[in-house]
Enquirer: 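Here's a structure for you.
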Amino acid sequence: MQNASPTTSFSNDGYTMLVIKTGASAVSATLKTQAQSISQNGYGTTALSDIPLAIPANSVVLAGPFPQARWNTSQGTVNVTITPTVAGVSVSAVSQAQ
């Protein structure tokens with residue numbers, strides 16, 4: 001686990017999970033989508049948006065995996081913003097690829 005920063009990014013292979021651990025304060029994490037919409041034959045087009053996570057104090061949250069077409073930047077990373085910036089918040093990205 002490493003200390004979280006307000007703008008955190010991690011490499012994503014499509015099988016990556018993000019672990020967020022809080023200390024004495026609750027935080028909000030926002031997963032930043034890179035795709036604006038997704039289309040599926042027979043279902044049409046659906047708009048996509050960022051996903052906010054409310055993480056209580058003294059908690060561990062596991063998020064993911066993150067499909068690359070929706071989440072990856074051109075550098076192959078997923079961006080996450082964490083607010084407020086508080087001490088005691090740590091993050092780690094773990095791939096479950098086989």
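Just so we're clear, the structure is a prediction, and the values are computed from it rather than from any experiment. Every heavy atom of this structure was used, including side-chain atoms; hydrogens, water molecules and symmetry mates were not.
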Enquirer: In a table with atom names and distances, give each donor-acceptor pair under 3.5 Å that connects a side chain of residues 56-70 to protein atoms at least two apart or in another chain.
Expert:
| from | atom 1 | to | atom 2 | distance (Å) |
| --- | --- | --- | --- | --- |
| S59 | OG | P56 | O | 3.1 |
| S59 | OG | A57 | O | 3.2 |
| Q68 | NE2 | N12 | O | 3.1 |
| R70 | NE | T33 | OG1 | 3.2 |
| R70 | NH2 | S49 | O | 2.8 |

Enquirer: Classify the side-chain pair T45/S37 by whether it contains a donor and acceptor separated by less than 3.5 Å.
Expert: no
Enquirer: Is there side-chain contact between I51 and W71, with heavy atoms separated by less than 4.5 Å?
Expert: yes
Enquirer: On a heavy-atom basis, which atom in A26 and which in P84 lie closest, and how many Å separate them?
Expert: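 In this case the closest contact between A26 and P84 is O-CD, 4.0 Å.
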Enquirer: Mind checking whether I20 and V89 have side chains closer than 4.5 Å, heavy atoms only?
Expert: yes
Enquirer: Quick one: OG1 on T81 to CG on D50, what's the gap to the nearest 0.5 Å?
Expert: 7.5 Å
Enquirer: Taking all non-hydrogen atoms of both residues into account, name the closest pair between A35 and L48 and its distance.
Expert: O-CB, 3.6 Å
Enquirer: Quick one, Q75 with T73, criterion side-chain hydrogen bond (donor to acceptor under 3.5 Å, both in side chains). Give me CA distance, side-chain angles, the key distance, then yes/no.
Expert: CA-CA 5 Å; Q75 293 79 31; T73 66; 3.2 Å; yes
Enquirer: With a 4.5 Å heavy-atom cut-off, do N72 and Q34 have their side chains touching?
Expert: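 No; the side chains remain at least 4.5 Å from each other.
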Enquirer: What residue pairs, at least two apart or across chains, pass side chain to side chain donor-acceptor pair (under 3.5 Å) with a residue in residues 18-31?
Expert: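 Sorted pair list comes back empty.
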Enquirer: Could you state the interatomic distance from CD (Q2) to OG (S90), rounded to the nearest 0.5 Å?
Expert: 9.0 Å
Enquirer: Any side-chain heavy-atom pair from I82 and V91 closer than 4.5 angstrom?
Expert: yes
Enquirer: Does a side-chain heavy-atom distance below 4.5 Å link L31 with L53?
Expert: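 Yes, side chains in contact.
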Enquirer: Taking the side chain as C-beta and beyond, is there a heavy-atom pair between L18 and F10 under 4.5 Å?
Expert: yes
